[in-house]
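Here the structure comes first, spelled out in structure tokens, and everything after it is commentary.
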Amino acid sequence: MTRPGRSGVRPPMPAACLVASKVMSNSPGGATGTQANALDTAADVAGPTRSDPQAIEARWQQRWHDEGTYHVDNDDPRPPFYVLSMYPYPSGPAHMGHVRNYTMGDLLVRYRTMRGDGVLSPIGFDSFGLPAENAAIKTGTHPRIHTDRNIEALSASLRRIGAVYDWRRAVKSHEPSYIHWTQWIFLKFYEAGLVYRDSAPVNWCPGCQTVLANEQVLGDGTCERSGDLVERRDMEQWFYRITAYAQELLDDMDRVDWPEKVKVMQRHWIGRSEGAEFGLPIADAGGEARTDVEPLTVYTTRPDTSFGMTFAVISPEHPRVDELTTDDQRSAVDDFRASVAGRSEIDRLSTEGTLDKRGVATGGRVVNPFNGRPIPVFLADYVLMTYGTGAIMAVPGEDQRDWDFAKAHGCDIIRTVQPPDDFDGEAYVGDGPAINSGFLDGLEIGEAKAAAIDWIAENDLGAGKVNYRLRDWLLSRQRYWGCPIPIIYCDECGEQPLPADQLPIELPDDVEFMPTGRSPLTTHEGFLSATCPSCSGSARSETDTMDTFVDSSWYFLRFTDLWNDEVPFSPEAVRHWLPVDQYIGGVEHAILHLMYARFFTKALADLGVAPKELREPFQRLFTQGMIRLGGSKMSKSKGNLVAPEAILDDQGADALRLAHLQVKPPQEDVDWEDFGIDGCAKFLNRVWRLAVPGSDLGADARTGDPTEADAEVDRATHRLVARITDEYDRWSYNTAIAGFMEFTNTLYRYVQTDDGPHAATLDAAVDALLLVMSPAAPHLCAELWEVRRGGHVHLEPWPEADPSKLVDDTITMVVQVNGKVRDRVEVPSDVEEEAAVAAALASDKVVAALAGGEPRKVIARPPKLVNVVV
RNA sequence: GCGGACGUGGCGGAACUGGCAGACGCACUGGCUUUAGGAGCCAGCGCCGAGAGGCAUGGGGGUUCGAAUCCCCCCGUCCGCACCA
């Protein structure tokens, strides 16, 4: 029953039924009121049944940008709320993964602003990194040019999806003003002993004469560029001493509101284990313990099983291999070590290969101090020099790998934990009393561990020890496009930190990119030559640069105080905004980035750079799912990207945003094939047609007193507000979109009833819809709000539902017989139990089921349900 | 192997604390409108059955008046970590 459109505009009606939650006395940031002429614009850009996303979106994006609508200052009086989407690596225009991530962040920024918070919404660029350098080698474009270009493209894309930021605060990792403080922090850490230099194995390509990142080593262990077999070489590298914070990083996981999955991954990565470290005396030819040489130190988590130790295994890299090897085993040991050295770590850590091939006897023996027996020492590739002491005691009775190894090499097996009678396996790892264990016999595992550790300590063999899997962070990269490490090497004075007043060290631009992949800094004379800060003699600069994870470990702090040129940020600014109230990003950063950023925050707080009380940077974390196409992750490297541009040109940003929000719960992975962009575009048109002045819908609206049907729509409006508020708060964006659609369907039915809609009721309903939808579909809602009401929807206070209007007077009560739905009856919403039961028993279906008898039991849950048990 | 998430129509999903399974969207079907091509509006749409009704949330058991939801055992999918002593 649509009718020809009536010209003219309905007068703006106050949303009388909606109670403003907060009156905002000031507009956020530097919004200056250049109000566009609303009605003219609407007429220009769209018709009564069809919106014009291109015109509307461009106009509002320009306006948000020009007016600085989402700029916020540090002295903003509103409650601070920090929303942060992980800053992107600028790889070019946005891809769908970006759209998903930044749409969700943007929704939250707009929502919290309407709720009355002063929302800090910064954006920046993780602009150092290998791809820019590889592009330079390939195309000759300087990484700086390449990067700046990509930042421009990505910035434009972000604006095109309607994402709003305080662009004044944009951090770019590669700019001197950021490099300066990354280096300054490095020096602070250096001073505090949190940075050190040590040798570490790296992937070395003999063809390119350079170090390779793990990603550049192909599966067969060759270099992706030259095809040469990559070697493992020990080289001097820089490390951050993240292990100093291992325990705190573990403990404080309990303080943050993160997905359990991410917490578990971090806990596992830190990998705390409790056990004991103690010495096994070296045995002489007669099997007696020697006292003239240091014992071999082993680490175990099962000191309770020590009586079952029948051999020991050490890492091929262990410094005491030569000493323990006997002459007759020398050549076998040397061969074994050579074969291990030539293999990649991946290969070595794989479980392929039989244990007899993966280990070799040294011929040497040590003494099990618990029972005084001599036991053989083996080498095995699976014992890692980097964990524990690089030497283990082997207890085949209680460890399956030790069991297998013992079988392969003919070692004894002694059980020291009594397995249950029905146990028919090999190694037994369960609970039970200790056996064959001298003074430990009869003790349960926990007690036996404690007793064994006491005994170890009493006999001066060692002590209880906690170990962590977490290793220090190797931060140096033999690359050009990264933050230079502010260290100078002087022949006289050695390694010297650069004085802070000489910062920043910038990257020289006049460099030649070598097809070998070798850093051009190593041959750039101007960069290399330096003056020793200590003796003023000639010296040379460090040519390694920092891992880009260093840049991303503190950018969220810099956002609070980007203009500071005295320190990286003032503690006051950080205290105002941190911790980040909501951090949003991909789960692929669950370990590295999030661990490093936590470490930096703790260390900076302890050094007095950040506020001391700031122990965690990100209070709440949300990890959104990735987007797949054809079953695999959408990514540039897989070449299965869908570019947003065509969709933005066609259906527009609001439709694309809605499709991202609607398709699936935000934390889940999603297949591109499941997106319904056309459906969202159609829905937006339905909203447009309903809301735009001059539309045919609602043209016959009534004035006067509202009827019961109008009151029902009014209640639905309040329920919508309550529902969407709740769903935004709990990240249930897909159901929020369903809520918009459901409500819009309700209003379509309403405007087409025979009586026609009530003007004030309809206006209030549409206004409420535009308000709650405006964080999700910002352009359309802003446009419609402006033409209907004047002003800016995103500066309106968030609507609040009237609790008295959330329920209807009557409700449909379910009547069950034996738990099965048999009838439905209308009852008052506040029905008492007695009346509810009476209504249920009066139901024909219940009467029939009872067949004159009495119910055995009646369960009443008024006003929703009555269950009659017969 | 260890850890985590999960399994609901043709499809994506909804059902927040046990209480009408399938909201909302896609696809499909029908109607209206005469719409020039991907339009709009309305309606139908889990399965079986003519119907009353019955059966349905991976399978099997259990707890409960009542289970998609809680417990146990299987089966399957996805994602981490994978020889950490």
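Protein chains get the first letters and strands the later ones, always in sequence-line order, with residue 1 at the start of each. Fair warning: this is a prediction, and the values are worked out from it, not measured in the lab. Only heavy atoms go into these numbers, but all of them, side chains included; no hydrogens, no water, no symmetry mates.
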Proximity to the side chain of [X] - top-ranked nucleotide from [options]:
X       : options                : result
N745(A) : C24(B), G40(B), C16(B) : C24(B)
A738(A) : C24(B), G38(B), C84(B) : C24(B)
K261(A) : G4(B), A14(B), C84(B)  : G4(B)
R861(A) : C41(B), G80(B), C65(B) : C65(B)
D674(A) : A21(B), G12(B), A14(B) : G12(B)
K682(A) : A85(B), C41(B), C20(B) : C41(B)

Nucleotide paired to [N] in any strand shown, Watson-Crick or G-U, under 3.5 Å:
N      : result
A52(B) : none
C70(B) : G62(B)
G18(B) : none
C81(B) : G1(B)
C26(B) : G10(B)

In whole angstrom, what separates [X]'s [atom1] from [N]'s [atom2]?
X       : N      : atom1 : atom2 : answer
I737(A) : G12(B) : CD1   : C1'   : 14 Å
L656(A) : G25(B) : CG    : P     : 19 Å
R822(A) : G66(B) : CZ    : P     : 14 Å
Y387(A) : C84(B) : OH    : C1'   : 5 Å
F675(A) : C11(B) : CZ    : P     : 19 Å

Would you say the ring centroid of W731(A) lies under 6.0 angstrom from that of Y733(A)?
-> yes
Between V663(A) and Y468(A), which has a closest nucleotide on RNA chain B that is more 5'?
->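 Counting from the 5' end, the first nearest nucleotide belongs to V663(A).
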Please figure out whether P665(A) or Y748(A) has its closest RNA chain B nucleotide nearer the 5' end.
->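 Looking at the nearest nucleotide for each, P665(A) comes out on the 5' side.
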Is the glycosidic torsion of G9(B) within 90° of 0, making it syn, or is it anti?
-> syn
Between [X] and [Y], does any side-chain N to carboxylate O distance fall below 4.0 Å?
X       : Y       : value
E742(A) : R719(A) : no
R267(A) : D254(A) : yes
D304(A) : K449(A) : no

Kindly assign one of parallel, tilted or perpendicular to the pair Y596(A) and W473(A), based on the angle between their ring planes and the thresholds 30° and 60°.
-> parallel
What interatomic distance, in whole Å, is found between C1' of A14(B) and the corresponding atom of G51(B)?
-> 31 Å
